[in-house]
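Written below as structure tokens is the structure these notes are about.
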2 protein chains.
Amino acid sequence: MGHRESPTGWGYMPARIEDVAAHAGVSTKTVSRVLNGHPSVRATLRTRIEASIRALNYVPNPAARGLAGNRSYLIALLYDNPTASSSYIMELIVGMLQACNGTPYNAVLHPFHAADDLAARIDGFVATHRPDALVLVPPHANNAKLLQRLDELDIRYSTISSKLRQSRIDIGFDERRAAADIIEHLLSLGHRRIAHVSGLKGHGAQVWRLNGYRDALRKAGIEYDESLVVEGDFTFASGAAGAKALLSRRRPPTAIFAANDDMACGVVREAYERGLAIPDDLSVCGFDDTPVSQLISPGLTTVRQPCREISCLAVESVLQSIRDPAMSLKARVPYQMQLRASTAKPAKP
Amino acid sequence: MGHRESPTGWGYMPARIEDVAAHAGVSTKTVSRVLNGHPSVRATLRTRIEASIRALNYVPNPAARGLAGNRSYLIALLYDNPTASSSYIMELIVGMLQACNGTPYNAVLHPFHAADDLAARIDGFVATHRPDALVLVPPHANNAKLLQRLDELDIRYSTISSKLRQSRIDIGFDERRAAADIIEHLLSLGHRRIAHVSGLKGHGAQVWRLNGYRDALRKAGIEYDESLVVEGDFTFASGAAGAKALLSRRRPPTAIFAANDDMACGVVREAYERGLAIPDDLSVCGFDDTPVSQLISPGLTTVRQPCREISCLAVESVLQSIRDPAMSLKARVPYQMQLRASTAKPAKP
DNA sequence: GTCAAATGTACCAGCGCTGTCAATAGAAAA
DNA sequence: TTTTCTATTGACAGCGCTGGTACATTTGAC
């Protein structure tokens, strides 16, 4: 059942396409057509063959398929090793696994240190692993030379939250709008002096989130005060440093919006060091809804970035683009505000 | 260089073993021997062939290798989807990637919901992906039926922190000793009423960490008080619930040791809700040193579980066991205490 | 009933590599 | 010098699947 007895009588040998063909009384080529979704197979025959496949418990051998069809059935997630937050990557890979589920494709991780010669080093990577497609996240997703090299090598890819127009397939969410939403939440609580610890320059996320911050202030008729924005780099330490600068002002802000959760944790740390209570003395918001935002006390108000949906869609569309090279897609998936206890009405000033 | 021009004159065709053989003036088989580290190739020839490989920038095609050698060059990490902490898994996979680096092997993740029929479902997984080896973490690493099934299927595996003797290759660290260390740290600060929120029953980690706690108390001549130990399940919520019970006692503990970081965060949350200051009113310790332990305020005293080293070793040894099926290894890698600000001298009682 | 399109079969090469086994060379033994 | 032996090396047949060509059969349109 579902396997041939091996000649030695020991161990199982999985069924081959030939066995399925024999079982269904057709040629191997026809089975192959069914397997690969080729259209010209009559519905009745198709069902019969599918039944045989199930009966024999047949699963095509990926290596054989790959060799014959010059494919690897591998989709690699390229991320920047030290920079990328591990929970972010983990969420992405889970979404990718979900998208690969039921397909012959396999998702693999590939950390890649961002550096000048990345576009060159990619050649070695491609030669070694021959992925059928790539999924890129920032900062790689914003590396124009890298994308160009991939185009030259004729490797399909999709990007996540890229700021480059060059990328034919990009998935993200409306970060600007989400940042504005979170500021509006603070405004609605009564905050007027709202500071921002921004992200690393070069990331789209830095600009979008900053712009959303400005949008909301403008809409509320509050003048933009450049001195209330300090530059961070998405790390905990930079968040703490940013908060230190902001809270040392003569008139410190009543709320700080950090461009990601790690930096928000840094802000919380600095407040803790100064004996400021959150949210009573200072409201804090993050961005991304990484696991830490629920583990920290008080819980962090943040925006849930729909990582799994994004990476799942990124994989689905890049697979589609293998069939249809002309395909192009810029998708924005819905996000969600997560209101937790780190934000509240400001104390009387 | 390093590729043939494609017949169409468009795109690159990577070098094949045949090209290397021609370049070095030997047969393809001899090149293959060099590639696979077969001993019977004369040193001078070997160097010449290696030079040709570099000159042509040759990288073997994994699909062809896999097909011919009946291998997939895939090593899967099997983990339990909802239970496993994502940062733990992420650390493990990073270690696995490191071990695979420079080998033809690829590490893939495979979430697998723990359930009664897991040992049966594994067959389908193996048929589909044909991994050459598996790395199992708890709870799968403690699933005797599963390991037995893998033995029957003749699939190599290594386990991480398994409590089963059945596993031929297991990597972990001395959790009992580490837990004792952390309790000794609390004792040295002057704590005497130390509580413990234990892990999920069935995990080795639950027993080892609890035993370490008891070891240290016994050594200090403190009688074991069962009522100071509450049962958790490694989740944040169970940590908070455990702390709630402990802190509601007439004489609450001055320190709480949670069996992992997530639960320690739950303890911190409960303290926060009650307005207890950490570490002044309550010292808290975690276990594992997940990223959150640095992000939370105050920083969490914990034990650094050397995840990357563990998973790296797990992969290296399971690969070795493919060559040498008789191989067996029970390794305990060194761990490290991380003293942070969540522990301090107890306030006067 | 005729013709074209749709559908299916048969067959074979070949993807790039490794396993098997035979062949060869060089060294040791006679 | 010849023989024997072992260490090296090579020839060849696939691994299981897909792509292509060539042809057979069915279907539906006219």
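So that the names make sense, note that chain A is the first sequence line, chain B the second, and so on, each numbered from 1. All figures in this text were calculated on a predicted structure; none of them were measured in a lab.
Atom CZ in B:Arg323 sits roughly 13 Å away from atom P in C:dT18 (whole-Å rounding). Across the protein-nucleic acid pair, A:Tyr73 atom OH and D:dC17 atom P stand 11 Å apart, rounded to whole Å. Taking atom NE2 on B:His38 and atom P on C:dT18, their separation rounds to 12 Å, with Å as the unit. Spacing between atom CZ of A:Arg130 and atom P of C:dC15 amounts to 13 Å, rounded to whole angstrom units. The interatomic distance linking B:Leu45 (CG) with D:dG10 (P) rounds to 7 Å, in whole Å. A:Leu35 has its CG atom 15 Å from the P atom of D:dG16, to the nearest Å. At whole-Å resolution of the value, CG in B:Asn70 and P in D:dG16 are 7 Å apart. A:Arg16 has its CZ atom 16 Å from the C1' atom of D:dT18, to the nearest Å.
Residue-level contact check: B:Ser40 touches the bases, meaning some heavy atom is under 4.0 Å from a base atom. Residue contacts shown for B:Arg71 are limited to sugar-phosphate atoms, with no base heavy atom under 4.0 Å away.
Taking the ring pair (Phe, Tyr, Trp, His ring centres under 6.0 Å) definition, one finds that A:Tyr105 meets it with A:Tyr73, sequence neighbours left out. With sequence neighbours left out, the side-chain hydrogen bond (donor to acceptor under 3.5 Å, both in side chains) criterion links B:Arg332 to B:Asp170. A search for side-chain hydrogen bond (donor to acceptor under 3.5 Å, both in side chains) contacts involving A:Arg168 returns nothing, not counting sequence neighbours. For A:Arg33, there are no side-chain hydrogen bond (donor to acceptor under 3.5 Å, both in side chains) partners at least two apart in sequence or on another chain.
Residue B:Ser32 has no polar side-chain atom (N or O) positioned under 4.0 Å from OP1 or OP2 of C:dC17. In this model, the phosphate group of D:dT18 is approached by a side-chain N or O of A:Asn36 to a distance below 4.0 Å at OP1 or OP2. Side-chain N/O atoms of A:Thr30 include one lying less than 4.0 angstrom from OP1 or OP2 on C:dT9. Contact annotation: A:Tyr58 reaches the phosphate of D:dC17 (side-chain N/O to OP1 or OP2, under 4.0 Å).
Ring pair B:His110/B:Phe125 is tilted by interplanar angle, where 30° to 60° counts as tilted.
At distances below 3.5 Å, not a single donor-acceptor pair connects side-chain atoms of A:Lys145 with backbone N or O atoms of A:Ala120.
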query: Between A:Leu150 and A:Leu136, is a side chain to side chain contact (heavy atoms under 4.5 Å, CB included) present by the stated rule, with each step listed?
result: CA-CA 11 Å; A:Leu150 291 176; A:Leu136 308 180; 4.0 Å; yes
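Checked by atom type, the side-chain pair B:Glu316/B:Gln320 shows no donor-acceptor distance below 3.5 Å.
Using a 4.0 Å cut-off between charged nitrogen and carboxylate oxygen, B:Asp154 and B:Arg156 count as a salt-bridge pair.
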Which protein N or O atoms sit under 3.5 Å from an N or O of nucleotides 20-28 of chain C?
none

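Applying a 4.0 Å cut-off to non-hydrogen atoms, the residues of residues 60-68 of chain B that approach DNA chain C are B:Pro60, B:Asn61, B:Ala64, B:Arg65, B:Ala68, listed by residue number.
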